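We use all heavy atoms of the structure for the numbers below, so side chains are in, but hydrogens, waters and symmetry mates are not. Treat the numbers as computed from the prediction; the structure is a model and nothing was measured.
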Amino acid sequence: MLAGTTNDQSNAKLTWLCLFLSGLLSSNPAAYAAVQGNLGSSTTATTDLTYTQGLSARISGFSDMNLGTYSGTGSMTATDNICIGRSGVGFFGSGAYRVRAAGDGTPGNPSAFTLSNGSEQMFYNVFFNDQTGLIGRAPMTAGVALTGQSGGGFAFVFNLVFGCVFNNANLSIEVPEAELQRNIGTFSGTLSLTLIPE
């Protein structure tokens with residue numbers, strides 16, 4: 001009785017081991033390697049193709065930010081609600097991403113947030129919010145990714161496929177009073193925003 005039980009357990013373990021090894025062999029990528037053709041009047045060779053789809057992203061809904069004419073006191077600000085889209089999320093899920101901003105730069109910092117009148121530069125600050133509006137926005141450092149951003153899945157899906165459908169992020173800038181008061185003229189610049197899905 002005890003001997004029979006031991007044999008049954010041994011057989012079960014051996015069967016499980018065979019199935020486990022068989023599963024490993026059948027899932028081994030090397031088992032699907034290319035097959036070379038044989039020498040002959042005709043020959044056939046095969047190759048396996050592998051493709052990996054990376055995550056896709058889209059930023060849309062941008063508008064030019066015109067700060068207007070300086071009044072002589074205080075800072076100047078501008079804000080724009082934009083659309084973020086990305087793949088790899090369910091319709092009701094959420095997905096993480098990071099954003100990196102870059103301005104026109106300086107000799108020492110190619111990504112610096114600067115405006116220029118052709119001969120002089122002034123610096124401005126950039127803020128990003130993974131929701132619309134200014135509450136909860138985070139300051140950005142030129143050329144450095146702001147991590148930990150996320151949003152609603154349905155907005156991601158629609159904005160990725162159709163462009164700007166749902167505003168789900170905010171980009172804002174601020175030109176400090178000290179910069180404005182020491183410069184004269186018409187200043188302009190370009191700000192770029194890069195989105196990287198995580």
Side-chain angles (χ1 to χ4, degrees), residues 50-71 74-106 108-118 121-177 179-180 183 185-198:
T50 301
Y51 168 72
T52 302
Q53 173 65 52
L55 295 174
S56 301
R58 172 186 280 187
I59 308 174
S60 55
F62 272 75
S63 300
D64 290 333
M65 297 186 187
N66 189 339
L67 295 168
T69 302
Y70 186 50
S71 66
S75 61
M76 298 186 77
T77 61
T79 184
D80 191 16
N81 285 330
I82 60 175
C83 294
I84 300 295
R86 61 152 290 178
S87 64
V89 296
F91 194 76
F92 294 105
S94 61
Y97 64 92
R98 59 186 186 274
V99 287
R100 184 176 62 245
D104 290 326
T106 64
N109 181 0
S111 299
F113 304 137
T114 57
L115 301 172
S116 174
N117 64 358
Q121 286 183 321
M122 64 180 167
F123 293 87
Y124 61 94
N125 302 314
V126 177
F127 303 88
F128 183 81
N129 191 357
D130 60 5
Q131 301 180 37
T132 56
L134 302 179
I135 298 176
R137 67 181 186 171
M140 302 192 74
T141 301
V144 178
L146 182 64
T147 61
Q149 308 304 299
S150 64
F154 74 93
F156 279 152
V157 173
F158 279 96
N159 291 343
L160 179 68
V161 176
F162 302 109
C164 192
V165 179
F166 297 102
N167 292 124
N168 58 349
N170 176 272
L171 183 68
S172 57
I173 68 168
E174 174 193 48
V175 185
E177 180 180 50
E179 292 290 307
L180 292 165
N183 292 289
T186 299
F187 287 74
S188 62
T190 300
L191 176 66
S192 63
L193 192 67
T194 302
L195 184 151
I196 306 106
E198 295 180 331

Find the distance between OG1 (T77) and CE (M65) and round it off to the nearest 0.5 Å.
10.0 Å
Tell me, with the steps shown, if E179 and Y124 meet side chain to side chain contact (heavy atoms under 4.5 Å, CB included).
CA-CA 8 Å; E179 292 290 307; Y124 61 94; over 6 Å; no
Contact between L67 and I173 at the side-chain level, heavy atoms closer than 4.5 Å - yes or no?
yes
If I compare all heavy atoms of L134 with all of N129, which pair ends up nearest, and what's the gap?
C-ND2, 4.1 Å
Side-chain (T132) to main-chain (N170) donor-acceptor, under 3.5 angstrom
no
Of the non-hydrogen atoms in C164 and G61, which two are nearest, and what is the gap between them?
SG-CA, 3.7 Å
Between S75 and V175, the two heavy atoms sitting closest are CB-O, 3.1 Å
Nearest 0.5 angstrom please: I84 CD1 to I59 CD1, how far?
5.0 Å
Counting C-beta onward and ignoring hydrogens, is there a side-chain heavy-atom pair between F162 and R58 closer than 4.5 Å?
no
Looking only at heavy atoms, which two atoms of L180 and M76 are closest? And how far apart?
CD1-CG, 3.4 Å
Of the non-hydrogen atoms in A101 and L191, which two are nearest, and what is the gap between them?
CB-CD1, 4.2 Å
Does a side-chain heavy-atom distance below 4.5 Å link L160 with S56?
yes
Quick one: are L171 and V126 in side-chain contact, heavy atoms under 4.5 Å?
yes
Counting distance only, does the side-chain N/O of D130 pair as donor-acceptor with the main-chain N or O of G151 below 3.5 Å?
no
In Å, rounded to the nearest 0.5 Å, how long is the span from OG of S150 to CZ of R98?
14.5 Å
So OG1 of T141 and CZ of F113: to nearest 0.5 Å the spacing works out to 7.0 Å
Side-chain donor-acceptor pair present, S60, N159, cut-off under 3.5 Å
no
Report yes if some heavy atom in the side chain of D104 is under 4.5 Å from a heavy atom in the side chain of T190; otherwise report no.
yes
Does R137 qualify as a cation-pi partner of F127, given the criterion of NZ or CZ under 6.0 Å from the six-membered ring centre and within 45 degrees of its axis?
yes
Looking at every heavy atom in both G148 and E198, which two are closest together, and how far apart are they?
N-OE1, 4.5 Å
Run the numbers on L195 and Q149 for side chain to side chain contact (heavy atoms under 4.5 Å, CB included), then give the verdict.
CA-CA 10 Å; L195 184 151; Q149 308 304 299; over 6 Å; no
With a 4.5 Å cut-off on side-chain heavy atoms, are N109 and S111 touching?
yes
With side chain to side chain contact (heavy atoms under 4.5 Å, CB included) as the test, would you mind laying out the steps for D64 and N66 before giving the verdict?
CA-CA 6 Å; D64 290 333; N66 189 339; over 6 Å; no
Starting from the C-alpha separation in whole Å, work towards a yes-or-no answer on side chain to side chain contact (heavy atoms under 4.5 Å, CB included) for F128 and L193.
CA-CA 10 Å; F128 183 81; L193 192 67; 4.1 Å; yes
